[in-house]
There are 2 protein chains.
Amino acid sequence: MSGRRDPEGRRRAIVEAACALIPEVGVGGLTHRLVAARAGVPLGATTYYFKTLDDLSEAALEHIARSSAEDLRAWAEALRGSADVAATVAALTEEYLADRPRALAEMELYLAAVHRPELRPLARAWFDGLVDVLGGHAGPVAAKAAAHLVDGALLHALSNERPLDTEGLATALRALLRPAA
Amino acid sequence: MSGRRDPEGRRRAIVEAACALIPEVGVGGLTHRLVAARAGVPLGATTYYFKTLDDLSEAALEHIARSSAEDLRAWAEALRGSADVAATVAALTEEYLADRPRALAEMELYLAAVHRPELRPLARAWFDGLVDVLGGHAGPVAAKAAAHLVDGALLHALSNERPLDTEGLATALRALLRPAA
DNA sequence: CTCGTACTAGTACACACGTACAACTCCGAG
DNA sequence: CTCGGAGTTGTACGTGTGTACTAGTACGAG
């Protein structure tokens, strides 16, 4: 696989450790030492690959945002062949929530973006992508509203550590996506 | 007003300083020294009134949650005499967002509750109250969905520092609250 | 008046932090 | 082979942290 020397692998290991840590301790709770320990590298390694702690957290959040946005490809495909768009979106949301840490990290990203404008594009990636996907099956206003609804449902499911009410979400999405207006 | 001694006033000043600080630095960024400086009291005062930093942040978050929940009384009243419930809720949401720091603090509360279960009742106060208020004008499923929608819209408005799309929100709420289904 | 208790205020301590850095090791270009 | 730069590692430094603690102050009960 890799000899003792493997800069790229090391960088990735550090980023992945940070990604795993963010849902546990929050973006603000991230620490060079914490990440280094989790990644199994000495302290010096994290400061070598990332000049500053903000750089490190940004790299991790970018990784997370990319991962979430990539999921949306599967959403688009599932919706293409779906008879009941609302039910499918609800089911996909439930699936998305199954990877709780990543969903949590996405929420952390939203809040981190409030005080770090450079993170806003990352924070918008998931939402904009979702609106895009939904836009194929509803008007722009309904798509945006549906995305808000999904994120609101996710937020509360995460915050209360409760399973998603998939049926209720589907019902609501059906109402939102109804062509009438 | 108050002589040099005023324990209750001091406690309140500390809590209010913490409330003002949370939207700025986040719950995790709160510090005894930061709060003390903002409140204009010596460091010893914050540790005297709150045995631990978590106690302090919890008191602040409780204050915020109470303040938000109290707003809902006005929501209920405004809705009682409203012909267009959806538009009224959208307008009230916009109003709520006008106090950006408090809305932000509420979101901080949501995320803080993830890792501090003792905060969950506080985090649920706003949401449950909102569902309650909306429940007077729609079925329970629609009310919950509408509350999710409102919170999702708030989250993104806060995260992107953008004004609320009040009209779009009203349209979506109208679709959600339609009695059909 | 007087005395104990609630409160005040400043300081101290041990610790974790971000970052800087110097010494060391490896490896590929010449 | 040699040598320079990239990668590695442990340590050091200054700062800020939560919390504990001591000494002092005001004030209401007796």
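Letters A, B, ... mirror the listed sequences (proteins, then strands); counts begin at 1.
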Between atom [atom1] in [X] and atom [atom2] in [N], what is the gap in whole Å?
{"X": "A:Leu43", "N": "C:dC21", "atom1": "CG", "atom2": "P", "value": "15 Å"}
{"X": "B:Asp6", "N": "C:dA9", "atom1": "CG", "atom2": "C1'", "value": "17 Å"}
{"X": "A:Asp54", "N": "C:dT19", "atom1": "CG", "atom2": "C1'", "value": "13 Å"}
{"X": "B:Asp55", "N": "D:dA20", "atom1": "CG", "atom2": "C1'", "value": "16 Å"}
{"X": "B:Arg10", "N": "C:dT8", "atom1": "CZ", "atom2": "C1'", "value": "6 Å"}

Using a cut-off of 4.0 Å on non-hydrogen atoms, how would the nucleic acid contact of [X] be classed: base, sugar-phosphate, or nothing?
{"X": "A:Leu30", "answer": "sugar-phosphate"}
{"X": "A:Ala45", "answer": "base"}
{"X": "A:Tyr49", "answer": "sugar-phosphate"}

Handout entry: Any N/O donor-acceptor pair, A:Arg33 side-chain to C:dG18 base, under 3.5 Å
Key = yes

What's the closest nucleotide to the side chain of [X] if the choices are [options]?
{"X": "A:Thr47", "options": "D:dG7, C:dT19, C:dT11", "value": "C:dT19"}
{"X": "B:Pro7", "options": "C:dT19, C:dC7, D:dT17", "value": "C:dC7"}
{"X": "A:Arg5", "options": "C:dG18, D:dA6, C:dA9", "value": "D:dA6"}

Practice task
Step through it carefully: locate the ring centre of A:Phe50, locate the ring centre of A:His32, and say whether they are under 6.0 Å apart.
Solution key: no

Problem - Ion pair check, A:Glu16 and A:Arg11, cut-off under 4.0 Å - result: no

Problem - Parallel, tilted or perpendicular: rings of A:His148 and A:Phe127 (30°, 60°) - result: parallel

Problem - Distance below 4.0 Å between A:Tyr48 side-chain N/O and D:dT8 OP1 or OP2 - result: no

Practice task
Please state whether the phosphate of D:dT19, meaning OP1 or OP2, lies under 4.0 angstrom from any side-chain nitrogen or oxygen of B:Thr52.
Solution key: yes

Handout entry: side-chain hydrogen bond (donor to acceptor under 3.5 Å, both in side chains) between B:Asp71 and B:Trp126, worked out
Key = CA-CA 9 Å; B:Asp71 265 27; B:Trp126 160 261; over 6 Å; no

